[in-house]
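Notes follow once the structure below has been shown.
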Amino acid sequence: MAQNIFNWLDERLDLQGIYNTVLDRKVPKVNWWFTLGSASLFLGVMQGITGILLSVYYVPTPDHAYDSITYIMTGVKYGWLIRGMHHWGASLLILTAFIHMLRVFFYGAYKYPREFTWITGVVLLISALGMGFTGYLLPWNQRSYWATTVGTEIAGTVPGIGDFILRVLRGGTDLSAVTLSRFFSLHIWIIPLIVMATVAIHLYLVIRLGISNIPDQDS
Amino acid sequence: MTKKYRSPVLDRRNFVKIVTSALGSLMAAIIGLPVIQYFISPAFGKEAGDDWISLGSLDDYPLNTPTLFNFTLTKINGWEKSSQSYGVFVLREEGQDVIVFSDVCTHLSCRVNWDEEKDGYYCPCHAAWFAKNGEVVSGPPPRPLDRYETKLEGDQLFIHLREG
């Protein structure tokens with residue numbers, strides 16, 4: 001029965017073909033450093049899942065943001081676990097993505113024909129840092145408030161357009177409810193959509209071009 | 001180089017498949033089971049609405065006249081504090097146990113008032129009358145005014161407030 005359903009779908013969707021292309025593609029003999037891209041993808045998916053779960057209780061207003069997180073931590077069963085995974089997963093993701101980038105850099109894997117893969121990777125790294133920056137404000141505690149005050153202040157030191165950037169980031173001159181709301185929107189909608197689209201291109205390119213060898217003395 | 005050993009029952013590819021799906025299922029379970037609790041636990045939290053409320057000394061309430069006592073309780077739902085006000089009529093009659101009525105009309109939850117002249121409780125929403133003992137006299141209410149369970153500790157009067 002299951003085999004029949006699979007065959008019916010396979011005939012129309014070429015599932016076996018997708019499997020062969022995505023998972024059974026030829027790879028050179030590589031080492032553990034080559035697992036960091038997959039690790040980053042896994043952590044990114046986990047951030048998405050735990051983030052969606054946090055949004056069940058989190059409220060992005062100055063009145064309730066802190067209290068709703070206290071509720072997640074103490075009032076809801078396993079809320080501490082979900083938030084803990086989101087919190088630590090964020091730091092870990094930056095780490096794996098950064099080491100992944102170092103591997104690509106030192107193995108020269110960004111060279112022809114993989115330059116565009118590298119460019120999408122840069123977009124992903126910047127997006128990940130953007131997720132970190134916007135997510136840091138959401139607990140609305142003293143640390144996040146002042147970290148964002150300083151962070152936006154730093155953006156304000158850009159010559160010429162600094163004041164413009166600072167005001168746009170904060171949604172005004174002060175760090176306020178408007179700031180919290182727009183950081184929330186960036187954190188759960190805008191940047192994630194950019195990330196998902198870019199990850200799709202990144203993975204398409206990895207599958208299409210294959211992965212590079214570990215360079216040897218001849219290369 | 002040692003001689004390669006090949007298992008007759010399980011090749012390398014299938015071994016990796018089995019280990020991957022086993023570890024994957026384990027991780028999904030470790031995360032998935034708490035998630036169910038995460039979703040349903042607020043639905044079965046401890047309710048704040050089960051408590052004995054002090055109405056003060058019984059001697060403060062006059063004989064034969066239902067007297068309104070108002071109080072406010074604070075409830076916390078998640079991260080939101082909300083206050084709800086309650087009104088109860090205390091009816092103390094010679095030689096009988098004290099009766100405490102809710103002032104909420106049993107029709108559609110408007111608040112009833114004591115009318116001394118008519119000797120009854122009047123609900124202004126749909127012109128319903130309740131007798132002094134809470135029975136329906138006229139109008140749409142389906143049942144008499146609700147009574148609270150009472151207890152006396154010394155001369156202190158308490159009612160049992162229970163919701164849901």
Side-chain angles (χ1 to χ4, degrees), chain A residues 16 19-20 22-27 29-30 32 35 38-39 41-89 92 138-141 180, chain B residues 1-51 53 72-85 161-164:
Chain A
Q16 194 60 49
Y19 179 88
N20 291 342
V22 174
L23 291 173
D24 272 355
R25 66 202 145 84
K26 297 274 183 286
V27 290
K29 178 136 181 66
V30 293
W32 282 94
T35 59
S38 299
L41 178 65
F42 175 79
L43 287 168
V45 170
M46 289 306 291
Q47 289 303 98
I49 294 171
T50 52
I52 288 169
L53 289 170
L54 287 173
S55 77
V56 174
Y57 299 111
Y58 175 75
V59 179
T61 65
D63 298 359
H64 292 309
Y66 184 80
D67 290 339
S68 66
I69 283 182
T70 308
Y71 180 63
I72 290 170
M73 295 301 280
T74 59
V76 188
K77 287 251 167 67
Y78 296 108
W80 57 270
L81 180 67
I82 307 289
R83 182 170 176 236
M85 290 200 304
H86 200 71
H87 175 103
W88 292 105
L92 205 56
L138 302 186
W140 203 249
N141 54 27
L180 180 58
Chain B
M1 197 78 185
T2 51
K3 194 177 156 240
K4 272 191 183 163
Y5 174 74
R6 281 186 186 279
S7 164
V9 282
L10 196 63
D11 59 11
R12 181 192 170 100
R13 169 165 291 229
N14 278 323
F15 173 77
V16 170
K17 269 185 191 165
I18 290 169
V19 169
T20 306
S21 44
L23 285 178
S25 308
L26 185 69
M27 282 194 280
I30 289 172
I31 297 160
L33 295 177
V35 165
I36 297 170
Q37 286 274 299
Y38 179 79
F39 264 101
I40 66 177
S41 69
F44 302 103
K46 193 165 67 72
E47 294 292 333
D50 188 354
D51 225 345
I53 309 292
T72 305
L73 287 185
T74 308
K75 248 181 137 175
I76 300 173
N77 285 312
W79 53 90
E80 188 202 27
K81 277 197 186 78
S82 62
S83 301
Q84 197 172 349
S85 58
L161 191 73
R162 207 181 341 203
E163 284 175 7

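Note: hydrogens, waters and symmetry copies are ignored here, and every other heavy atom, side chains too, is used. Here is how names work: the chains are called A, B, and so on, in the same order as the sequence lines, proteins then strands, and each is numbered from 1.
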Hey, can you dump all donor-acceptor pairs under 3.5 Å between chain A and chain B, distances included?
unit_1, atom_1, unit_2, atom_2, d
A:Asp24, OD1, B:Arg13, NH1, 3.4
A:Asp24, OD2, B:Arg13, NH1, 3.2
A:Leu53, O, B:Tyr38, OH, 2.8
A:Tyr57, OH, B:Tyr38, O, 2.7
A:Lys77, N, B:Ser41, OG, 3.1

Original post:
Among A:Leu81, A:Ile82, A:Ile69, which has the most heavy-atom pairs under 4.5 Å with chain B?
Top reply: A:Ile82
Original post:
Which atoms of A:Leu54 come close to chain B, meaning under 4.5 Å heavy atom to heavy atom: side chain ones, backbone ones, both, or neither?
Top reply: both
Subject >> Proximity breakdown for A:Leu53 and chain B, heavy-atom pairs closer than 4.5 Å >> reply: both
